[in-house]
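Chain A is the first sequence line, chain B the second, and so forth, proteins listed ahead of strands; every chain is numbered from 1.
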Amino acid sequence: MDPDAVAKAFVEHYYTTFDSNRAGLANLYQDGSMLTFEGQKIQGAQSIVAKLTSLPFQQCQHSITTVDCQPSGAGGMLVFVSGTLQLTGEQHALKFSQMFHLMPTQQGSFYVLNDIFRLNYA
Amino acid sequence: MDPDAVAKAFVDHYYSTFDANRAGLGNLYQEGSMLTFEGQKIQGSQSIVAKLTSLPFQQCKHNITTVDCQPSGAGGMLVFVSGTLQLAGEQHALKFSQMFHLMPTPQGSFYVLNDIFRLNYT
């Protein structure tokens, strides 16, 4: 399957899950997964989902502007995303950039080994 | 050596070289290196340096705001950078995000296997 199409499909699935059911992100991470969220380092699916589900907003909507991907040389795929994040009740959307390093699972899917998220302040 | 210190040292070296002597970036890439620059995909050290040295400005200055890093699971290191780029003669600096996947060389240094660059438009 075309890598760009795989990256795009992953990105859509990730943010749709994030926006509708953050706890559902747990099966996209494993024990060795790492998240750096605005400089805070978190390791392992449980801790990562605990962090994401405790973010201080009830509802949000990600809108994706750009998706770039490259093979990572380890059988994995690097995905680089930019977009905006609208929190319910806030007047202005936040801008963000995020990179994922996806590794294949035995079932033919992908999980997130590396995840780095940064807001882009104006 | 502390990974965060290694990432920071690489970032300082990369952007100092970029700002002073773009052709000098040649030895930070190899034949299998990949650059995606504002959506354009380029492969191999020669083509990458040709692209970077042909960018439509004479002088520029990168200012780094954030540097995040994680081990990539292949003996490599992922580095995620955000900052601003001031072009000589332009009134306003551009904002950018960039990710690098660094792999170790036999000499104990690093080269860039993956490089993705995006401007962050306001």
So for [X], is it side chain, backbone, both, or neither that comes closer than 4.5 Å to the heavy atoms of chain A?
X	answer
B:Ser72	both
B:Gln98	backbone
B:Asp68	both

Residue [X] versus chain B: region with a heavy atom under 4.5 Å:
X	value
A:Leu35	backbone
A:Asn114	both
A:Thr65	neither

| message | Counting heavy-atom pairs under 4.5 Å with chain A, which one of B:Leu78, B:Leu113, B:Asp115 comes out on top? | response | B:Leu78
| Going by distance alone, is a donor N or O of one side chain under 3.5 Å from an acceptor N or O of the other, for A:Gln58 and A:Thr88? |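 Distance-only check fails for A:Gln58 and A:Thr88.
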| query | Between B:Lys41 and A:Gln70, do the side chains contain an N or O donor and an N or O acceptor separated by less than 3.5 Å? | reply |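 The answer is no; no qualifying pair exists.
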| request: Could you tell me whether B:Lys8 and B:Asp2 make a salt bridge, using a distance below 4.0 angstrom between a side-chain N and a carboxylate O? | output: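 The answer is no: the pair does not qualify as a salt bridge.
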| task | Kindly give the heavy-atom pair with the smallest separation between A:Ile48 and A:Ile42, and that separation in Å. | result | N-CG2, 3.6 Å
| query | With a 6.0 Å cut-off on ring centres, are B:Phe100 and B:Phe80 close enough? | reply |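 Centroid separation for B:Phe100 and B:Phe80: 6.0 Å or greater.
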| With sequence neighbours left out, which residue pairs that include part of residues 81-95 of chain B fulfil the side-chain hydrogen bond (donor to acceptor under 3.5 Å, both in side chains) condition? | B:Thr66-B:Ser82
